[in-house]
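Each ligand, and each atom within it, is numbered from 1 in the order the structure gives. Counting from 1, the numbers follow the sequence of the chain as shown.
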Amino acid sequence: MPPVLYIVVPCYNEEAVLPITAPQFLAELEELADKGKISDQSRVLFVNDGSRDKTWDIICALCSADGHYLGVSQSRNRGHQNAVLCGLMEARERCDITISIDCDGQDDLSAMEAMVDAYASGCEIVYGVRSRRDTDSFFKRSTAQGFYKLLRFLGAEVVYNHADYRLISARALAELARFEEVNLFLRGMVPLVGFKSTSVYYERHERLAGESHYPLRKMLALAFDGITSLSVKPLRIITVLGLLISLVSFIGVIWAVVTQLTGRAAVGWASMTSIICFIGGIQMISLGIIGEYIGKIYLETKHRPRYIVSERTWADKEN
Ligand code: UDP
Ligand code: MG
């Protein structure tokens, strides 16, 4: 029996692009089913992430026009990562494999076949990796690459140039469901699940329509979330920095005492002020970083739900 595939597509204010890409997802699904690589029980599952435009209406219309489409709606906007998780968790009881993909047509659908083939040969997780980044602006490209390097330096395991286009089997999803954190960074969590995995390479295109929801502010927030979710090395760096500064200060104290005793003490206002400012700055940054971690602990202890489904298109009828 070929596996049942669910393509999980998060959508937030995507009325411009959804009518273009939805038929493309369906065509890919049908092509794979025709080749006998997936079951014809396979579906395209849209997750409406609290859109304020007509996205949910479009999803509902698609679902009533063709039974291969399914939709769930979140009770409000929760962000891309939570929307993907919601879709994966909704899908996992109903299918053998999931592929998550953005709905803007940037990711090459033909990579899905290679992903399904890799699953057939025994992989539980298949990462879609961008072979090139020339469609990105120079700024986005260099900040993204700097981010991967920083993550690696901090000891966090992520797949280079992989975003959230990946195949995960229902078996791996059952294990992912046991990761209970509310601060989600799926790119870092999925490699921790383990199992046999591989990568397939594809070229990323421009968005087909609509606008990106990831301005610099959100990108920085995601990067920061990624680092603090995956690594406690920043705390270690603070400790090492503190030790180094203490050592230098200790030498400074001896030097000051000797200067005083030999009667050569001079008015050192400028040097004193700079040292105080410098150390004050480092202390504030360190407190900030520690605060970030404490904030995360605070959010985690609340155990709030990571997604809340308000509607499902299959609630009232058989899929
Ligand atoms: N998205 C979402 N919730 C959000 C923001 C984005 O579900 O709060 C979805 C969006 O509809 C798209 C995907 O996440 O399918 C990636 O977003 P986008 O294409 O805007 O990001 P970019 O590719 O520019 O980084
Ligand atoms: Mg995009």
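Interface of E14 with ligand 1, defined as ligand atoms under 4.0 Å from a residue heavy atom, comprises 10 (C), 11 (O), 12 (C), 15 (O). Close contacts of ligand 1 with C103, meaning ligand atoms under 4.0 Å from a residue heavy atom, involve 15 (O). Within ligand 1, the atoms closer than 4.0 Å to a non-hydrogen atom of D104 are 19 (O), 23 (O), numbered from 1 in the order shown. Atoms of ligand 1 found under 4.0 Å from any heavy atom of R204, numbered from 1 in the order shown, are 23 (O). Atoms of ligand 1 lying under 4.0 Å from at least one heavy atom of C11, given by number and element, are 7 (O), 11 (O).
Distance from atom 14 (O) of ligand 1 to its nearest protein heavy atom, with residue and atom name: H80 CD2, 3.1 Å. Closest to atom 16 (C) of ligand 1, if we only count protein heavy atoms, is D102 OD2, 3.3 Å. Protein heavy atom in closest approach to atom 22 (P) of ligand 1: S212 OG, 3.8 Å. Among all protein heavy atoms, the one lying closest to atom 18 (P) of ligand 1 is R207 NH2, 3.4 Å. From the protein, the heavy atom lying nearest to atom 20 (O) of ligand 1 is H213 N, 2.5 Å. Scanning the protein heavy atoms around atom 9 (C) of ligand 1, the nearest turns out to be P10 O, 3.9 Å. Protein heavy atom closest to atom 8 (O) of ligand 1, with residue, atom name and distance, is N77 ND2, 3.1 Å. For atom 1 (N) of ligand 1, the nearest protein heavy atom (residue, atom name, distance) is Y12 CB, 3.7 Å.
Side chain of R306 to backbone of E181: a donor-acceptor contact under 3.5 angstrom is found. Under the 3.5 Å distance criterion, the side-chain polar atoms of T262 are matched with a main-chain donor or acceptor of V258.
For the residue pair Y165 and R130, no side-chain donor N or O sits within less than 3.5 Å of a side-chain acceptor on the partner. Between the side chains of N183 and E300, at least one donor N or O sits under 3.5 Å from an acceptor N or O.
To the nearest 0.5 Å, the span separating CG on L173 from CG on L85 amounts to 9.0 Å.
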Side chain to side chain contact (heavy atoms under 4.5 Å, CB included) between V44 and Y6: does it pass, once the steps are laid out? CA-CA 6 Å; V44 181; Y6 268 48; over 6 Å; no

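Salt bridge R78/D49: absent, no basic N to carboxylate O contact under 4.0 Å. For K37 and E113, the salt-bridge test passes: some basic side-chain N is under 4.0 Å from an acidic carboxylate O.
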